[in-house]
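Presented below is the structure to which this report refers.
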Amino acid sequence: MTEEQLLKMAKEAKSNKERLAIPVQDMPSQDPKVRIHNMNEVAKGYTKQQAFIEANRCLQCVNHPCIKGCPVSIDIPAFIKKISEDDIEGASNVISQNSLLPSICGRVCPQESQCQKYCTVGLVKKDVGQAVSIGRLERYVADTMAAKGKDSIPEVAADTGKKVAVVGSGPSGMAAAADLRKAGHKVVMFEALHKGGGVLVYGIPEFRLPKSIVQKELSKLNKMGVDIQTNFLVGRTESIKQLMEDDGFDAVFVGSGAGLPKFMNIPGENLVGVLSANEFLTRSNLMKAYDKAHSRTPMLDIKKVAVFGGGNVAMDSARTALRLGAEKVTIIYRRSDKELPARREEVEHAKQEGVEFMLLHNPVAILGDEHEKVNGVKVITCELGEPDASGRRRPVPIEGSEQVLDYDTVIVAIGNNSNPLIKLTTPEIETNKRGNFIVNEETCETSLPGVYAGGDIVLGAATVILAMGQGRKAAVAINKYLDGKSK
Ligand code: FAD
Ligand code: SF4
Ligand code: SF4
């Protein structure tokens, strides 16, 4: 069908039947053969026409089940209706009532397991891939506003005389800082790395989330008056107690994330050529190791790369490895395609780009040569047994099915734990057995009065939107706490 026909169909659609007949609009994207040689964003975003057509697929359900799938409860049908009326500013106003980072969440939210999972259109068609493309439409609104220079700086209330420290500059810290500053408090954000943005900058690659977008959000905070101090490791440069007792901070929000990589504890993990996904992605994204001509910290040449894991981090690592010049990249994952925890779109993109998937296999050892350099991976075949505590079927190794495969690099992407530094230096903050901070669910307050926490440090490795939501929830509670606190 031509675009003209689709536009006509969208304009004339009145009944649910007519709306259900409009096909889902694919996102234009770079050709896989071209994009594996550059770091530019893969998905290019909807055109105005595509956004209009897609918006008209929404049935405007009275009970709007999609909203319950959004962790920050954006009024989805309302913003989509505004798009269908070509009122993009109106759509943006609806979204910004609940979300501070639509250009980011529209790109990286796992929509198929959140808002789009509950969309009536997907349910009627028995395929979540056919649901209304809520995330793409959200991105369209945010990008259109940015292109028009209309993503304005929020107003800041009169100075309250109170000071709040925000530890970490990822999405939870950014959201908390924005809401606290809006309320008129002095806000200082402390970031251990030399650049702000957390995982949005050092973890998620440029080809999925352009860093200029994150930079824009950080400079908005700057313009609002948030003081961002980089190269400041809370727990080493100063402890939380020092910030409160010596520097006069009235409250602290900790959004320090989950940046401690997990390993498999198999033989060979200390060989040269084994990297955690965190190290690999940080070197590429933050230290620009892919820019071999200019980077001051280039990486060793990689040719045959095995990536352990099946989540977003594994997909990002595999696709980055291709762009760094690897000839063969294999995802080794112990369950089947159905259980891959990564966003579906990332799996599809990785496949299009030539990443191999070795499913139902688990690495049991990494092998090395006489120079202690990786030269192989031993894997065992698995089959799926009964569901485990996570509800997914447990992978069961098949005895005697081991084989050795030829690789020179291994990237371990099986998850992260929280960094223990703040806990070690502030033992008054209670944590669970995984090291995550225990907080009051309503307020995000920790066991240390005046100290709040949110994002991955509380939830374990989770999502951008959940982290942002917790940052905002904590800011509401901190504002209340500071209201009742005399200076
Ligand atoms: P982070 O983003 O981790 O930020 C924490 C910040 O705190 C960091 O900058 C860190 O340097 C700083 N810090 C830590 N300790 C200290 C200290 N002691 N002092 C000062 N600063 C400190 N989620 C999605 O929704 N969609 C995706 O597609 C997706 N892809 C991902 C891909 C990768 C490679 C990774 C690693 C994660 C991905 N996630 C994704 C998860 C998502 O990025 C995180 O859930 C989210 O960033 C958590 O936000 P946060 O604010 O809690 O922490
Ligand atoms: Fe969906 Fe994420 Fe947007 Fe919520 S923030 S509507 S979950 S894309
Ligand atoms: Fe629109 Fe789907 Fe939400 Fe219904 S469930 S209002 S069709 S986005």
Side-chain angles (χ1 to χ4, degrees), residues 16 19 57-67 69-74 76-81 95 98-99 101-102 104-111 113-116 118-124 131-132 134-139 167-176 189-193 195-205 208-209 229-230 232-237 254-259 277-278 281 285 311-317 320 342-343 346 413 416 418-419 421-422 425 453-471:
N16 282 355
R19 291 186 191 283
R57 297 183 66 236
C58 174
L59 309 177
Q60 293 293 317
C61 313
V62 183
N63 58 346
H64 41 66
C66 48
I67 299 181
C70 172
V72 295
S73 306
I74 291 177
I76 295 166
F79 96 75
I80 294 182
K81 184 144 204 328
I95 296 171
N98 299 57
S99 173
L101 307 169
I104 296 173
C105 295
R107 282 174 167 81
V108 302
C109 254
Q111 293 104 5
S113 56
Q114 295 183 347
C115 51
Q116 290 173 202
Y118 299 95
C119 173
T120 313
V121 177
L123 293 174
V124 169
V132 175
I134 301 166
R136 292 171 181 175
L137 289 171
E138 187 175 321
R139 167 188 169 160
V167 182
S169 61
S172 67
M174 283 160 80
M189 188 183 245
F190 296 103
E191 168 55 52
L193 295 172
K195 252 192 190 161
V199 170
L200 305 180
V201 164
Y202 79 74
I204 304 181
R208 218 151 61 76
L209 177 63
Q229 300 220 4
T230 51
F232 193 113
L233 181 62
V234 175
R236 283 280 177 272
T237 320
V254 183
S256 54
N278 259 27
L281 290 170
N285 295 330
N312 285 324
V313 184
M315 299 306 140
D316 284 344
S317 302
T320 298
R343 293 177 70 220
E346 308 314 326
N416 284 323
S418 55
N419 192 309
L421 181 61
I422 295 182
T425 51
D456 283 3
I457 185 69
V458 171
L459 302 166
T463 63
V464 173
I465 189 73
L466 285 169
M468 190 199 79
Q470 282 210 318

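First listed ligand is number 1; within each ligand, the first listed atom is number 1.
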Would you mind checking which non-hydrogen protein atom is closest to [atom], with the distance to 0.1 Å?
atom                    : value
atom 13 (N) of ligand 1 : S256 O, 4.0 Å
atom 7 (S) of ligand 2  : Q114 OE1, 3.2 Å
atom 25 (O) of ligand 1 : V464 N, 3.0 Å
atom 36 (C) of ligand 1 : V199 CG1, 3.6 Å
atom 2 (Fe) of ligand 3 : C119 SG, 2.4 Å
atom 4 (Fe) of ligand 2 : C70 SG, 2.4 Å
atom 6 (S) of ligand 3  : C61 N, 3.4 Å
atom 34 (C) of ligand 1 : L281 CD1, 3.4 Å
atom 40 (C) of ligand 1 : I204 CD1, 4.2 Å
atom 18 (N) of ligand 1 : V234 O, 2.8 Å
atom 8 (S) of ligand 3  : C66 SG, 3.8 Å
atom 53 (O) of ligand 1 : G257 CA, 3.4 Å
atom 5 (S) of ligand 2  : I465 CD1, 3.4 Å

Need the ligand 2 atom indices (1-based, order shown) with element for anything under 4.0 Å from a heavy-atom of [X].
X    : result
I76  : 6 (S)
P71  : 7 (S)
E138 : 3 (Fe), 5 (S), 6 (S), 8 (S)
Q111 : 8 (S)

Considering distance alone, does some N or O of [X] sit under 3.5 Å from an N or O of ligand 1?
X    : value
V313 : no
D316 : no
D456 : yes
I422 : no
A467 : no
R208 : yes
A462 : yes
V167 : no
S172 : yes
A192 : yes

May I ask you to decide if [Y]'s main-chain N or O and [X]'s side chain share a donor-acceptor pair within less than 3.5 Å?
X    : Y    : value
R343 : C109 : yes
T425 : I422 : yes
N278 : G259 : yes
Q111 : C70  : no
S99  : I95  : no
N98  : S73  : yes
D456 : A461 : no
E191 : S169 : yes

>> With respect to atom 2 (Fe) of ligand 2, please indicate if C115 possesses an N, O or S atom at a distance under 2.8 Å.
In response: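 It does not; every qualifying atom lies at 2.8 Å or beyond.
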Could you list the atoms of ligand 1 found under 4.0 angstrom from a heavy atom of [X]?
X    : result
G198 : 2 (O), 4 (O), 8 (C), 9 (O)
V108 : 24 (C), 25 (O), 26 (N), 27 (C), 28 (O)
G455 : 52 (O)
G203 : 34 (C)
F232 : 19 (N), 20 (C)

[X] side chain near [Y] side chain, heavy-atom distance below 4.5 Å:
X    : Y    : answer
R208 : V108 : yes
V132 : L137 : yes
P77  : I67  : yes
P171 : L200 : yes
I134 : C66  : yes

> Can H64 and I76 be said to form a side-chain contact (heavy atoms from CB on, under 4.5 Å), step by step?
Replying inline: CA-CA 8 Å; H64 41 66; I76 295 166; over 6 Å; no
Specify the closest pair of heavy atoms between [X] and [Y], including all atoms of both residues, with the distance to one decimal.
X    : Y    : answer
A342 : M315 : CB-CG, 3.6 Å
G196 : T230 : N-CG2, 4.3 Å
G203 : L281 : O-CD1, 3.6 Å
M468 : L101 : SD-N, 3.8 Å

> Evaluating non-hydrogen atoms only, which member of G255, P171, G168 is closest to atom 5 (C) of ligand 1?
Replying inline: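 The residue whose heavy atom sits nearest atom 5 (C) of ligand 1 is G255.
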> To which of E191, R236, K195 does the heavy atom nearest atom 11 (O) of ligand 1 belong?
Replying inline: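 Result: the heavy atom closest to atom 11 (O) of ligand 1 is in E191.
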Ligand 3 atoms in contact with [X] (distance to a heavy atom under 4.0 Å):
X    : result
P65  : 5 (S)
V121 : 7 (S)
T120 : 2 (Fe), 4 (Fe), 5 (S)

> Measuring from the heavy atoms of Q470, does anything fall under 4.0 Å of ligand 1?
Replying inline: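 In this structure, Q470 fails to qualify as a contact of ligand 1 - no heavy atom is under 4.0 Å.
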>> Check contact between L193 and ligand 1, using heavy atoms of the residue and a distance below 4.0 angstrom.
In response: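 Flag set, L193 near ligand 1.
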> For S172 and Q470, what are the C-alpha separation, side-chain angles and deciding distance, and is it a side-chain contact (heavy atoms from CB on, under 4.5 Å)?
Replying inline: CA-CA 6 Å; S172 67; Q470 282 210 318; 5.5 Å; no
> From atom 1 (Fe) of ligand 3 out to just under 2.8 Å, does an N/O/S atom of C58 turn up?
Replying inline: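 Yes, C58 qualifies, because one of its backbone or side-chain N, O or S atoms lies under 2.8 Å.
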>> Walk me through whether I204 and R107 qualify under side-chain contact (heavy atoms from CB on, under 4.5 Å).
In response: CA-CA 11 Å; I204 304 181; R107 282 174 167 81; over 6 Å; no
